[in-house]
Visitor: 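Quick one: the structure is below, and I'll ask about it shortly.
As the structure is a computational prediction, the values presented were derived from the model and not from experiment.
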Amino acid sequence: MTSSVKAILDLKGRDVVTAGPNTTVAEAAAILSKKKIGAIVVVGMENRISGMFTERDLVHAIAKHGKDGLDQALAQVMTAKVYRCHEETTVNELMELMTSRRFRHVPVESNGKLAGIISIGDVVKSRIAEVEREAEEIKAYIAG
């Protein structure tokens with residue numbers, strides 16, 4: 001049975017590091033460093049997803065604006081077109097989305113609001129656990 005995003009969130013938790021659209025790139029970079037993460041979900045009113053700010057966005061801001069990029073608001077440099085998933089999304093569907101779109105982080109949305117975040121590491125851990133379960137089931141079946 002293929003795992004779902006809900007199963008991953010139930011194990012890892014639903015805490016998400018967020019920032020507002022007026023947070024500066026420098027402030028966001030400090031958060032990424034302190035939390036040892038690769039992405040921040042940018043949220044607006046009522047915890048609705050406005051965008052994502054990732055390490056890639058940081059690099060693009062510096063490349064485009066130099067040191068002045070650090071003073072830019074996240075709203076100016078974030079990825080605004082955010083692909084989301086839902087709790088019902090399967091791990092296989094999420095792997096396909098992450099691979100085809102080259103994402104390492106996908107926010108989970110429920111009723112239009114942020115409900116969690118899934119990283120590529122979460123997907124890999126889930127898939128490995130699933131393969132290990134299947135192998136154990138096959139061994140048990142063969143052993144009889």
Visitor: Mind checking the OG1-CG spacing from T18 to N47? Nearest 0.5 Å is all I need.
Guide: 6.5 Å

Visitor: Taking the side chain as every heavy atom from C-beta outward, state whether V16 and P107 have any pair of such atoms under 4.5 Å apart.
Guide: no

Visitor: With rounding to the nearest 0.5 angstrom, report the CG to CD distance, D10 to E87.
Guide: 7.0 Å

Visitor: In terms of hydrophobic clusters joined by side-chain contacts under 4.5 Å, are V59 and I120 together?
Guide: no

Visitor: For residues 68-81, which side-chain N or O atoms pair as donor and acceptor with protein atoms under 3.5 Å away, sequence neighbours left out?
Guide:
residue, atom, partner, partner atom, Å
T79, OG1, D57, OD1, 3.0
T79, OG1, D57, OD2, 3.2

Visitor: Starting at CD1 of I49, measure out to CG of L114 and round the result to the nearest 0.5 Å.
Guide: 5.0 Å

Visitor: Show me the donor-acceptor pairs within less than 3.5 Å that the side chains of residues 28-45 make with the rest of the protein, sequence neighbours left out.
Guide:
none

Visitor: Looking at side-chain heavy atoms only, is the closest gap between T54 and R104 below 4.5 Å?
Guide: no

Visitor: Look up atom OG in S3 and atom NZ in K125, then write down how far apart they are to the nearest 0.5 Å.
Guide: 14.0 Å

Visitor: Under 4.0 Å between a Lys/Arg side-chain N and an Asp/Glu carboxylate O for E136 and R133?
Guide: no

Visitor: Measure the shortest side-chain to side-chain distance between E96 and T90 over non-hydrogen atoms and say whether it is less than 4.5 angstrom.
Guide: no

Visitor: Is there a path of hydrophobic side-chain contacts, each under 4.5 Å between heavy atoms, that joins V108 and L97?
Guide: yes

Visitor: Transitively linked via ILVMFWY side-chain contacts under 4.5 Å: Y83 with V123?
Guide: yes

Visitor: So N92 and M95, do their side chains get closer than 4.5 Å, heavy atoms only?
Guide: yes

Visitor: Same cluster or not: are F103 and F53 linked, directly or through other Ile, Leu, Val, Met, Phe, Trp or Tyr residues, by side-chain heavy atoms under 4.5 angstrom apart?
Guide: no

Visitor: Does a side-chain heavy-atom distance below 4.5 Å link V5 with H86?
Guide: no

Visitor: Among I118, D15, I117, which one satisfies side chain to side chain contact (heavy atoms under 4.5 Å, CB included) with L9?
Guide: I118

Visitor: To the nearest 0.5 Å, what is the distance between CZ on R14 and OG on S110?
Guide: 8.0 Å

